[in-house]
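Note: hydrogens, waters and symmetry copies are ignored here, and every other heavy atom, side chains too, is used. Residue numbering restarts at 1 for every chain, and letters A, B, ... go by the order of the sequence lines.
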There are 2 protein chains.
Amino acid sequence: MSFSQNHISSYKDIKHRCSYRTQEQSSKQMEGVRNQQVILKDYVNGFPKESDMLLKTSSITPFKLPQGSNAVLVKNLHLSCDPYMRGRMSKNQGSYVDSFTPGSPIVGYGVSKVVDSGHSNFKKDDLTWGGTGWEEYSFIPNPDTLFKIQDTDVPLSYYTGILGMPGMTAYIGFHEICAPKKGEYVFVSAASGAVGQLVGQFAKLTGCYVVGSAGTKEKVELLKNKFGFDEAFNYKEEHDLNAALKRYFPQGIDIYFENVGGKMLEAVLLNMRLNGRISVCGMISQYNLEEGEGVKNLFCLINQRIRMQGFIAVDHYHLYSKYVEMVIPLIKEGKICYVEDIAEGLESAPAALVGLFSGKNVGKQVVVVARE
Amino acid sequence: MSFSQNHISSYKDIKHRCSYRTQEQSSKQMEGVRNQQVILKDYVNGFPKESDMLLKTSSITPFKLPQGSNAVLVKNLHLSCDPYMRGRMSKNQGSYVDSFTPGSPIVGYGVSKVVDSGHSNFKKDDLTWGGTGWEEYSFIPNPDTLFKIQDTDVPLSYYTGILGMPGMTAYIGFHEICAPKKGEYVFVSAASGAVGQLVGQFAKLTGCYVVGSAGTKEKVELLKNKFGFDEAFNYKEEHDLNAALKRYFPQGIDIYFENVGGKMLEAVLLNMRLNGRISVCGMISQYNLEEGEGVKNLFCLINQRIRMQGFIAVDHYHLYSKYVEMVIPLIKEGKICYVEDIAEGLESAPAALVGLFSGKNVGKQVVVVARE
């Protein structure tokens with residue numbers, strides 16, 4: 001784990017790979033270029049393990065796009081590890097995204113640099129964020145899904161987090177779905193994660209009272225001391241989540257930003273205030289279970305006239321430029337911070353992804369494949 | 001059971017009481033008037049039984065309001081049996097309404113006639129609907145909660161149903177909460193009940209495809225042949241509710257009007273379409289359980305971007321006149337029908353109320369205390 005401000009901790013693997021590429025440079029169009037990939041071996045049941053993935057070295061020959069292609073060829077710089085990817089590791093779970101293809105590279109969000117472009121919106125050396133492969137280089141057949149990065153005066157890795165899908169998730173789920181008002185009481189679970197840390201800070205900027213839950217003492221400290229949550233607690237130390245919530249919210253909860261599901265949701269429902277809103281972003285506690293847990297206390301939806309709404313950031317990407325205009329100044333003025341957990345090198349990607357589900361990461365989990 | 005169009009099936013008890021009252025009439029202000037009441041003996045656990053209530057004969061002396069009172073004294077004509085009343089029979093269940101008081105009469109919605117009024121909005125012989133007691137006569141200390149009945153060209157009992165709280169519940173839950181569009185697929189559980197039968201008909205009038213579930217063959221027939229549901233099924237005959245829903249909604253459900261909770265909700269979640277809406281009106285399957293069932297499949301809220309919203313009609317009573325303007329012409333033109341299950345006499349009230357929870361009633365359960 002390292003925070004964004006000091007994430008340049010180990011360049012060893014990167015340097016090695018860079019020099020290797022340099023040797024290939026002169027002859028790469030003829031001979032092709034090495035492309036290390038993270039392959040999903042087979043569909044996963046239960047908790048994913050590092051051994052569910054393997055590193056494979058293939059090559060791209062020729063190292064350019066075919067004539068007349070609309071695609072782009074990119075070099076991947078930063079890859080994003082996100083909890084929703086667990087669903088893609090299972091077969092046909094009726095999820096909102098397709099399953100990964102066993103035998104092929106993992107796919108996900110990433111920050112990339114254009115190597116060759118057949119698309120009029122992109123040219124060589126443009127920086128992008130969007131869907132890409134867990135590999136050194138990727139062909140993007142439909143570049144319309146990519147965002148061109150305009151502002152490089154912030155860490156590029158932020159485009160996997162605060163300036164990418166997780167940022168939009170926090171923004172849409174909190175501001176658009178929950179329509180918060182100053183003075184309201186906000187609870188965030190998985191609060192130190194890629195999304196939760198932002199929801200808490202957005203809530204404070206809106207003038208709300210915000211409490212977060214996380215799974216280690218270190219994360220709880222981070223919530224209080226770095227992100228400015230009013231209170232925070234370690235849910236693993238609470239035998240009675242209902243009692244814990246009553247302690248932190250004697251007056252009840254107006255807004256719950258739901259990242260975990262299961263027992264936490266069950267307890268939150270008992271503590272919601274009249275006209276409360278629950279923005280359902282994720283349910284990480286359920287992703288590795290054979291069968292999801294049943295959630296009690298749904299009758300509270302009626303008692304308290306609660307609106308509970310599931311959403312996915314991608315449906316709201318038309319609001320991305322509005323979001324970025326709001327959030328980049330906040331970053332530059334130091335009014336919002338973003339903690340990343342950086343794993344160095346593509347070979348560290350399987351462990352980084354798997355670590356999400358045991359809460360190993362502190363902050364947004366990023367894999368640095370290359371720095372330029 | 002009898003339908004509204006032929007609900008004058010047994011006047012015996014009513015006639016008896018009426019003649020008794022007539023004898024008292026001349027001297028009633030001095031001697032007081034008999035007031036038969038349905039008393040809740042004690043808080044109830046599990047399924048309520050008739051024996052949880054008792055009939056008690058008290059008297060109102062003097063039979064008039066004190067000087068300077070703002071209250072009204074009403075004669076109760078029709079009493080409404082509603083599933084939400086189950087929550088009031090238990091102690092302090094964190095429900096949206098207070099518990100009943102053991103030793104005192106049950107309270108609920110009813111249609112009444114003003115006997116004496118200290119409130120400027122009401123005068124003798126006005127007809128009202130709103131909160132009243134399960135007794136022959138009630139003092140209403142805060143008559144601001146009563147609606148004055150303007151249109152008597154429809155059965156008066158309708159003001160406990162289609163023109164009262166259940167009507168508003170159907171209207172708000174379907175039109176305001178779910179914002180239905182023509183051509184959408186609508187599912188209603190407890191579909192022949194006081195609320196469900198209206199939701200189905202509103203859905204048809206909106207141009208939706210609507211399927212209902214109920215608990216007997218007779219009710220299923222009613223849904224299809226009287227209320228015009230496109231399809232209906234007996235949930236008790238379905239071993240696999242998910243499969244049943246897939247059969248009736250191969251394309252999925254846009255709108256679910258939730259009256260039952262539990263396993264039905266769990267199955268519905270698996271069959272919701274993108275951007276589906278679930279209006280949570282009640283969860284009758286859960287009311288008599290010591291501990292509510294857990295509901296699985298809530299992750300579908302995210303996959304399908306579902307909005308699930310609890311509501312209570314009373315929050316929306318400012319829309320009552322708008323609703324009545326819409327629905328009374330539909331009743332008069334025969335474009336909407338309303339089936340009532342009439343129990344005759346206050347003494348039949350405990351059985352009528354208890355019957356709701358085993359699905360004994362067909363249509364809106366009303367108790368006729370007096371006809372004028």
Which atoms of A/L298 approach chain B - backbone, side chain, both or neither, heavy atom under 4.5 Å: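 Contact with chain B involves both backbone and side-chain atoms of A/L298.
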Structural part of A/N297 lying under 4.5 Å from a heavy atom of chain B: neither
Validation row: B/Q309, A/L301 side chains within 4.5 angstrom (heavy atoms):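 When only atoms from C-beta onward are counted, A/L301 and B/Q309 do not touch, as no gap falls below 4.5 Å.
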B/R307 side chain near A/R307 side chain, heavy-atom distance below 4.5 Å: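 Contact flag for B/R307/A/R307 side chains = yes.
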Chain B contacts, top residue of A/E266, A/Q286, A/R277, A/E291 (heavy-atom pairs, under 4.5 Å):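 When all of A/E266, A/Q286, A/R277, A/E291 are compared, A/E291 has the most.
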B/L265, part contacting chain A, at a heavy-atom distance under 4.5 Å: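 It is the side chain, since no backbone atom gets that close.
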Interface moiety of B/C300 toward chain A, non-hydrogen atoms closer than 4.5 Å: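 When you check distances to chain A, no heavy atom of B/C300 falls under 4.5 Å.
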A/H239 atom NE2, neighbour heavy-atom count above 12 within 6.0 Å: no
Pairwise distance CZ(B/F299) to CE(A/M283) - rounded to 0.5 angstrom: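 These two atoms lie 7.5 Å from each other.
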